[in-house]
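In what follows, residues are counted from 1 in the order of the sequence shown. No experiment lies behind these values; they were computed from the predicted model shown.
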Amino acid sequence: MENGKLINEIIGYEPNINVGVTSEALKSLVEDESRNIEILDKNLEAKRLYHFILCDEKREVKPLFRALRNGGYLISLVDFEDDMLYDTGFSALNRMDGLLIAKKVHSWNDW
């Protein structure tokens, strides 16, 4: 995957980072022995668990938002509408090299 190096640089190499991914391909892309990586199922019910979520398919945004820790990032290979992300509670949206990067600053509406 052409964005693999950039994605790994965004995540960084600190130990014990919780990363949720939406596919096996993304898991193999970011796999590192110091990271805790889980493939997210469609019925995601986690709350404030992941530092990063990597997404390569259109999914409902609210469960992804809820699963991120405050200060966590959604890194998506597919685009989502800005208004939907802002309405959900994401902020600091950025697009670069085909990636959408959205930050969860706080949980004022953790649904």
Side-chain angles (χ1 to χ4, degrees):
M1 184 172 292
E2 63 188 55
N3 292 328
K5 183 174 180 185
L6 177 59
I7 291 170
N8 279 295
E9 289 299 318
I10 292 170
I11 293 172
Y13 297 95
E14 294 291 321
N16 299 317
I17 296 291
N18 295 330
V19 180
V21 297
T22 58
S23 70
E24 189 67 45
L26 287 177
K27 182 177 181 184
S28 64
L29 178 73
V30 297
E31 207 152 28
D32 184 282
E33 63 187 39
S34 67
R35 295 177 182 156
N36 305 316
I37 302 171
E38 293 181 20
I39 296 178
L40 306 175
D41 61 16
K42 296 284 186 187
N43 300 321
L44 180 60
E45 294 188 20
K47 280 198 167 184
R48 297 187 202 121
L49 177 62
Y50 301 102
H51 298 96
F52 295 90
I53 292 180
L54 304 179
C55 183
D56 62 355
E57 61 187 26
K58 280 284 191 185
R59 291 181 82 151
E60 189 177 343
V61 173
K62 289 179 186 178
L64 298 175
F65 179 83
R66 191 174 39 244
L68 277 171
R69 297 179 123 175
N70 291 342
Y73 290 89
L74 170 67
I75 302 171
S76 180
L77 301 173
V78 294
D79 205 18
F80 291 94
E81 293 178 24
D82 288 3
D83 289 340
M84 179 181 58
L85 293 169
Y86 286 129
D87 290 347
T88 303
F90 283 102
S91 62
L93 303 183
N94 192 5
R95 288 177 175 81
M96 71 170 117
D97 294 340
L99 298 175
L100 165 67
I101 303 165
K103 185 170 185 170
K104 177 181 180 178
V105 177
H106 51 71
S107 315
W108 58 268
N109 60 349
D110 241 356
W111 309 103

Task: Nearest atoms (heavy-atom pairs only) where A67 meets I53 - done: CB-CD1, 3.9 Å

Task: Shortest non-hydrogen separation from N16 to H51 and the atoms involved - done: O-CE1, 3.8 Å

- [ ] Output yes when a side-chain donor or acceptor of K104 lies under 3.5 Å from a complementary backbone atom of G72, and no otherwise.
- [x] no

Open item on the list: To check you understand the geometry: which heavy-atom pair defines the closest contact between P63 and L44, and what is its length?
Closed with: O-CD2, 3.6 Å

Task: F90 versus Y86, closest heavy-atom pair with distance - done: O-CD2, 3.4 Å

- [ ] Test L77 against L99 for side-chain contact (heavy atoms from CB on, under 4.5 Å), laying out the working first.
- [x] CA-CA 5 Å; L77 301 173; L99 298 175; 3.0 Å; yes

Open item on the list: Could you measure the distance from the CG atom of L74 to the CG atom of L85? Nearest 0.5 Å is fine.
Closed with: 7.0 Å

Task: N8 vs V30, side-chain contact (heavy atoms from CB on, under 4.5 Å): CA-CA, chis, key distance, verdict - done: CA-CA 6 Å; N8 279 295; V30 297; 3.9 Å; yes

Task: Side chain proximity check, V21 to E38, heavy atoms < 4.5 angstrom - done: no

Task: Nearest-0.5 Å distance that lies between atom OG1 in T88 and atom CG in L64 - done: 9.5 Å

Open item on the list: Is the ring pair F52/Y73 parallel, tilted or perpendicular, if the boundaries are 30 and 60 degrees?
Closed with: parallel

Open item on the list: Could you measure the distance from the NZ atom of K103 to the CG atom of N94? Nearest 0.5 Å is fine.
Closed with: 12.0 Å

Task: I75 side, atom CD1; C55 side, atom SG - distance, nearest 0.5 Å - done: 11.0 Å

TODO: Could you pull out the closest heavy-atom pair between R59 and F80, with the gap in Å?
DONE: O-CE2, 3.4 Å

Open item on the list: Applying salt bridge (charged side-chain N to carboxylate O under 4.0 Å, His left out) as the test, list every pair that has at least one member in residues 74-83; sequence neighbours left out.
Closed with: D79-R95, D82-R95

Open item on the list: Let me check something: do L6 and Y13 share a hydrophobic cluster, defined by ILVMFWY side-chain heavy atoms less than 4.5 Å apart, either directly or through other members?
Closed with: no

TODO: Of all the heavy-atom pairs spanning S34 and E14, show the shortest one and how long it is.
DONE: OG-O, 4.1 Å

Task: Presence of salt bridge, K42 and E57, under 4.0 angstrom - done: yes

Open item on the list: Distance check, rounded to the nearest 0.5 Å: I11 atom CD1 versus L29 atom CG?
Closed with: 8.0 Å

Open item on the list: Distance check, rounded to the nearest 0.5 Å: R66 atom CZ versus E45 atom CD?
Closed with: 7.5 Å

Open item on the list: Exactly one of V19, I17, D32 should register a side chain to side chain contact (heavy atoms under 4.5 Å, CB included) with I37. Which one does?
Closed with: V19

